[in-house]
Amino acid sequence: MYEGREIKIVFTGPMGAGKTTAIAALSDTAPVATEVHNADRASADKDTTTVALDFGQIQLDDGLVVRLYGTPGQDRFNFMWQILGTGALGVILLLDASRVTALTELDTYLASFDAQAREGRLVIGLGRTEAPGSLKPADVLRRLRIDRLALPVFSVDVRQRDDVLLLMEALVNLIEVAPTEESHR
C-alpha cells in the first residue's frame with residue numbers, strides 16, 4: 001500500500017498543543033525543530049514556539065519509514081500548514097482541552113485540513129483533559145456531528161510515546177479502511 005516504503009504524517013494544532021513534544025516522543029532520532037523565543041505569551045505561556053516546522057522520523061519493524069512533520073501553531077504562519085500538508089498520508093490534530101478557545105481552534109484547523117477530515121485521514125488528540133472545565137472527547141464528537149464528520153477523538157498525554165503511537169495507529173487504521181476512488185467505480 002505504501003509506495004516507496006515511506007509515508008508522511010503531519011501534526012498540527014495551535015501553539016502550545018504539544019506538536020513538538022509529540023514528535024519528540026515518537027522520533028527515533030532527535031527531532032529537527034525551528035524553535036524561537038515566544039513573544040506571544042497571550043496565546044501560550046511557553047518559552048519557545050515553532051516558526052517553520054518540526055521534523056522527526058521512525059522506522060517500523062517492516063521497514064516502513066514514517067516521516068513526522070509538525071506545523072507551526074501561530075496563525076501568522078498558517079501558510080506553512082498547507083505546504084507541510086502536501087503529500088501527507090494523514091493529519092493528527094492536537095488541541096489543549098483546557099483552553100476556552102479549544103472549540104474555535106478545532107474549527108480553524110478542520111477548515112484548514114478540510115480535505116483530510118472529509119476523507120477520514122485525520123484524528124484528534126486532546127491534551128490536558130483532566131483540568132477542571134476542560135473540553136472532553138464527547139464535546140468534540142458533538143461538534144464534529146454538526147459537520148457530519150466521523151473522526152476519532154482521544155484524550156492523550158503527548159509526553160507519553162504510547163499515547164502518541166495510539167494516535168498514529170488510529171490514523172493509519174482509518175486510512176487502510178477508507179474507501180478509495182476505485183471502490184466507488
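When reading the values below, keep in mind they use all heavy atoms of this one structure, side chains included, and skip hydrogens, waters and symmetry mates.
One finds the CG atom of Asp54 at 8.0 Å from the NZ atom of Lys19 (value rounded to the nearest 0.5 Å). Between Arg67 atom CZ and Lys8 atom NZ the span is 10.5 Å, to the nearest 0.5 Å. The CD1 atom of Ile7 sits 12.0 Å away from atom CD of Gln57, with the distance rounded to the nearest 0.5 Å. Residue Gln160 holds its CD atom at 11.5 Å from OG1 of Thr21, rounded to the nearest 0.5 Å. To the nearest 0.5 Å, atoms CG (Leu89) and CD (Glu176) are separated by 8.5 Å. With rounding to the nearest 0.5 Å, the separation of CG in Leu166 from CZ in Phe154 is 4.5 Å.
The two atoms that bring Ala22 and Phe11 nearest to each other are CB-CE2, 3.9 Å, heavy atoms only. Between Leu151 and Gly120, the closest heavy-atom pair is CD2-CA, 4.3 Å. Contact record, Ser27 with Leu68: N-CD1, 4.4 Å, taken as the closest heavy-atom pair. Closest non-hydrogen pair, Ile58 versus Leu26, comes out as CG2-O, 2.6 Å. Leu93 and Tyr109 make their closest contact through CD1-CB, 3.5 Å (heavy atoms, listed as atom of the first residue, atom of the second, distance). Counting all heavy atoms, side chain and backbone alike, Ala97 lies closest to Ala102 at CA-CB, 4.5 Å.
With a 4.5 Å cut-off on side-chain heavy atoms, Leu149 and Arg118 count as touching. Annotation: side chain of Leu95 is in contact with side chain of Pro14 (closest heavy-atom distance under 4.5 Å). For the pair Arg5/Asp62, a side-chain contact is recorded, criterion being any heavy-atom separation below 4.5 Å from C-beta on. A 4.5 Å side-chain heavy-atom check between Val140 and Leu126 finds at least one atom pair inside the cut-off. Residues Leu167 and Val156 form a side-chain contact, since some pair of their non-hydrogen atoms from C-beta on lies under 4.5 Å apart. When side chains are defined from C-beta on, Val153 counts as touching Leu144, because their heavy atoms get closer than 4.5 Å. Counting heavy atoms from C-beta on, the side chains of Pro152 and Leu174 come closer than 4.5 Å. By the 4.5 Å heavy-atom criterion applied to side chains, Trp81 and Phe79 are not counted as neighbours.
With hydrophobic clusters built from ILVMFWY side chains whose heavy atoms lie under 4.5 angstrom apart, Ile146 does not share a cluster with Leu110. When hydrophobic clusters are built by joining Ile, Leu, Val, Met, Phe, Trp and Tyr residues whose side-chain heavy atoms come closer than 4.5 Å, directly or via intermediates, Val65 is not grouped with Leu60.
Using a 4.0 Å cut-off between charged nitrogen and carboxylate oxygen, Arg128 and Asp157 do not count as a salt-bridge pair.
Leu103 is linked by a side chain to side chain contact (heavy atoms under 4.5 Å, CB included) to Leu106, Leu135, Arg143, counting only residues two or more places apart in sequence or in another chain.
One side chain, Lys136 or Ser134, offers a donor N or O that lies under 3.5 Å from an acceptor on the other.
Between the side chain of Glu105 and the main chain of Arg99, no donor-acceptor pair closer than 3.5 Å is present.
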**Candidate pair Arg121 and Val91, rule side chain to side chain contact (heavy atoms under 4.5 Å, CB included), full reasoning** = CA-CA 6 Å; Arg121 297 185 296 122; Val91 175; over 6 Å; no

**Request:** Decide yes or no on side chain to side chain contact (heavy atoms under 4.5 Å, CB included) for Met80 and Thr71, but give the supporting numbers first.
**Result:** CA-CA 7 Å; Met80 289 296 297; Thr71 68; 5.8 Å; no

